[in-house]
Engineer: 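This is the structure, below, for whatever I ask next.
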Amino acid sequence: MLGIVEKQKRGRRYAPRNRYVAGAKLSEHKFLRVLHGFAESTPIKVLEPTTHVSGKTIRTTYGTLRAHLPVATQRERTRFSHAGVYLFEDESVAPEGRRIIASIERTRRFSRYIKRQAPRVSADDEHLFLLEKAVRIFCALDLRGMEVDDRLLAQIAEAFTALRPSEPLQKLAEFIPGAKPHAHPELRLYEDYRRYLLKNPLGKGI
């Protein structure tokens, strides 16, 4: 009996501590490195050797982060440059949000992103990629002081179609009167998601 208790204590002592994921198999440090890779759109094959995390685990974690991102933007609507306010309405995609998503889907930029991140993707997963890209668009813009209306959201949708695949997302601001570029959109996505997960950890399984 004593041996069993000692074994349980040892197991608890060496369990990875991760405030961002309940019941995590990944340590907090490694999870944050994967989260940073997600925010930077780092391909799995590039991230794997630098994190010492298997490609399978990175792929699963990326998928979980992508699936939960719409939930995070709706729950904390002031994060991610208010993307939840612009994109969602009563837990579903708002009409203008659908317009932005449709604009993203038609671009070569999105096609290249999908090929790099997930060459074989289902329709449901593609929708999550579209929502993720929409959140990234808002993270790349500084819209403070601007009135958010249908006209502005239409301008954002049109601006994305005008953006060349090689151009940074911040360049969207040049097509939107009154908008300013955000200097570090990937860092904004990373920090906002990290702060959100600190208060709302992901469920078990990572």
Engineer: For the pair Asn18 (side chain) and Leu26 (backbone), establish whether a donor and an acceptor sit closer than 3.5 Å, ignoring hydrogens and angles.
Structural biologist: yes
Engineer: Let me confirm one number: the CG-CD distance from Leu128 to Glu126, rounded to the nearest 0.5 Å.
Structural biologist: 10.5 Å
Engineer: Could you check whether any side-chain heavy atom of Thr73 comes within less than 4.5 Å of a side-chain heavy atom of Tyr196, counting everything from C-beta outward?
Structural biologist: no
Engineer: Pro201 and Val21: which non-hydrogen atoms are nearest, and at how many Å?
Structural biologist: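 Nearest pair, atom of Pro201 first, then Val21: CB-N, 4.2 Å.
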Engineer: In sequence, state the C-alpha distance, the side-chain angles, and the governing distance for Lys199 and Glu76, and then conclude on side chain to side chain contact (heavy atoms under 4.5 Å, CB included).
Structural biologist: CA-CA 11 Å; Lys199 294 195 298 182; Glu76 296 202 4; 3.1 Å; yes
Engineer: Determine yes or no for a side-chain-to-main-chain donor-acceptor pair under 3.5 angstrom, with Arg109 supplying the side chain and Phe160 the backbone.
Structural biologist: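 No; judged by distance alone, with no hydrogens or angles, the pair does not exist.
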Engineer: Quick one: does Leu172's side chain get under 4.5 Å of Ile156's, heavy atoms only?
Structural biologist: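 Leu172 vs Ile156: side chains apart.
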Engineer: Mind checking whether Arg19 and Leu198 have side chains closer than 4.5 Å, heavy atoms only?
Structural biologist: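 In contact.
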Engineer: So, do Phe175 and Leu163 sit near enough that their side-chain heavy atoms are less than 4.5 Å apart?
Structural biologist: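 Yes, at least one pair of side-chain atoms sits under 4.5 Å.
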Engineer: Taking salt bridge (Lys or Arg N to Asp or Glu O under 4.0 Å) as the cut-off, I'd like each qualifying pair that reaches into residues 93-105, sequence neighbours left out, listed once.
Structural biologist: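 Counting only pairs at least two positions apart or across chains, the salt bridge (Lys or Arg N to Asp or Glu O under 4.0 Å) contacts touching residues 93-105 are Arg99-Glu158.
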Engineer: For His182 and Arg188, work out which heavy atoms get closest and say how close.
Structural biologist: CD2-NH2, 3.0 Å
Engineer: Among all residues two or more places apart in sequence or in another chain, which pass the salt bridge (charged side-chain N to carboxylate O under 4.0 Å, His left out) test with Lys56?
Structural biologist: none
Engineer: Spell out, as yes or no, whether a donor-acceptor pair under 3.5 Å connects the side chain of Asp192 to the backbone of Arg79.
Structural biologist: no
Engineer: Whether the side chain of Arg66 engages the backbone of Asp125 through a donor-acceptor N/O pair (distance < 3.5 Å, no angle test) should be reported.
Structural biologist: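 The answer is no, because no donor-acceptor pair under 3.5 Å joins these two groups.
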Engineer: To the closest 0.5 Å, what do you measure between OG (Ser27) and NE2 (His52)?
Structural biologist: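 NE2 of His52 is found 11.5 Å from OG of Ser27.
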Engineer: Measure the spacing between OG of Ser103 and CG of Leu130 and express it to the nearest 0.5 Å.
Structural biologist: 10.5 Å
Engineer: If you look at every heavy atom in Ala183 and Gln170, which pair is closest and at what distance?
Structural biologist: O-NE2, 3.3 Å
Engineer: According to the interplanar angle, ranging from 0 to 90°, do the rings of Tyr193 and Phe80 count as parallel (below 30°), tilted (30 to 60°) or perpendicular (above 60°)?
Structural biologist: perpendicular
Engineer: Assess the residue pair Ile114 and Phe110 against the criterion (side chain to side chain contact (heavy atoms under 4.5 Å, CB included)); give the C-alpha distance rounded to whole Å, side-chain angles, the decisive distance to 0.1 Å, and a yes or no.
Structural biologist: CA-CA 6 Å; Ile114 281 287; Phe110 180 69; 3.5 Å; yes
Engineer: Could you grab the distance from atom NZ of Lys171 to atom CG of Leu141, nearest 0.5 Å is fine?
Structural biologist: 13.0 Å
Engineer: Return the minimal non-hydrogen interatomic distance between Ile176 and Gln155, and the atom names on each side.
Structural biologist: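 What the structure gives for the nearest pair is CG2-OE1, 3.9 Å.
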Engineer: Using atom types as modelled and distance alone, determine if a side-chain donor or acceptor of Glu167 lies under 3.5 Å from a backbone N or O of Arg164.
Structural biologist: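 Judged by distance alone, yes, a pair lies under 3.5 Å.
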Engineer: How far apart are the closest heavy atoms of Ala94 and Tyr86, and which atoms are they?
Structural biologist: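 Between these two residues, the closest heavy atoms are CB-O, 4.5 Å.
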Engineer: Relative to the ring of Phe31, is the ring of Tyr20 parallel (under 30°), tilted (30 to 60°) or perpendicular (over 60°)?
Structural biologist: parallel
Engineer: Assess whether side chain to side chain contact (heavy atoms under 4.5 Å, CB included) is satisfied between Phe38 and Ile58, documenting all intermediate values.
Structural biologist: CA-CA 9 Å; Phe38 174 79; Ile58 294 172; over 6 Å; no
Engineer: Quick one: pull up CD1 in Ile100 and CG in Leu153 and give me the separation to the nearest 0.5 Å.
Structural biologist: 5.0 Å
Engineer: With rounding to the nearest 0.5 Å, note down the distance linking OG1 in Thr51 to NZ in Lys30.
Structural biologist: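 NZ of Lys30 is found 7.5 Å from OG1 of Thr51.
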Engineer: Any side-chain heavy atom of Ile104 sitting closer than 4.5 Å to one from Tyr113?
Structural biologist: no
Engineer: Are any of the side-chain nitrogens in Glu48 or Lys45 under 4.0 Å away from the carboxylate oxygens of its partner?
Structural biologist: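 Salt bridge flag = no for Lys45 with Glu48.
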Engineer: How far apart are the closest heavy atoms of Leu131 and Pro70, and which atoms are they?
Structural biologist: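 So the two residues come closest at CD1-CG, 3.7 Å.
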Engineer: Give the intermediate values and the outcome of side chain to side chain contact (heavy atoms under 4.5 Å, CB included) for residues Leu202 and Leu65.
Structural biologist: CA-CA 9 Å; Leu202 293 170; Leu65 291 168; 4.1 Å; yes
Engineer: Would you call Arg151 and Asp149 a salt bridge, taking side-chain N to carboxylate O under 4.0 Å as the test?
Structural biologist: no
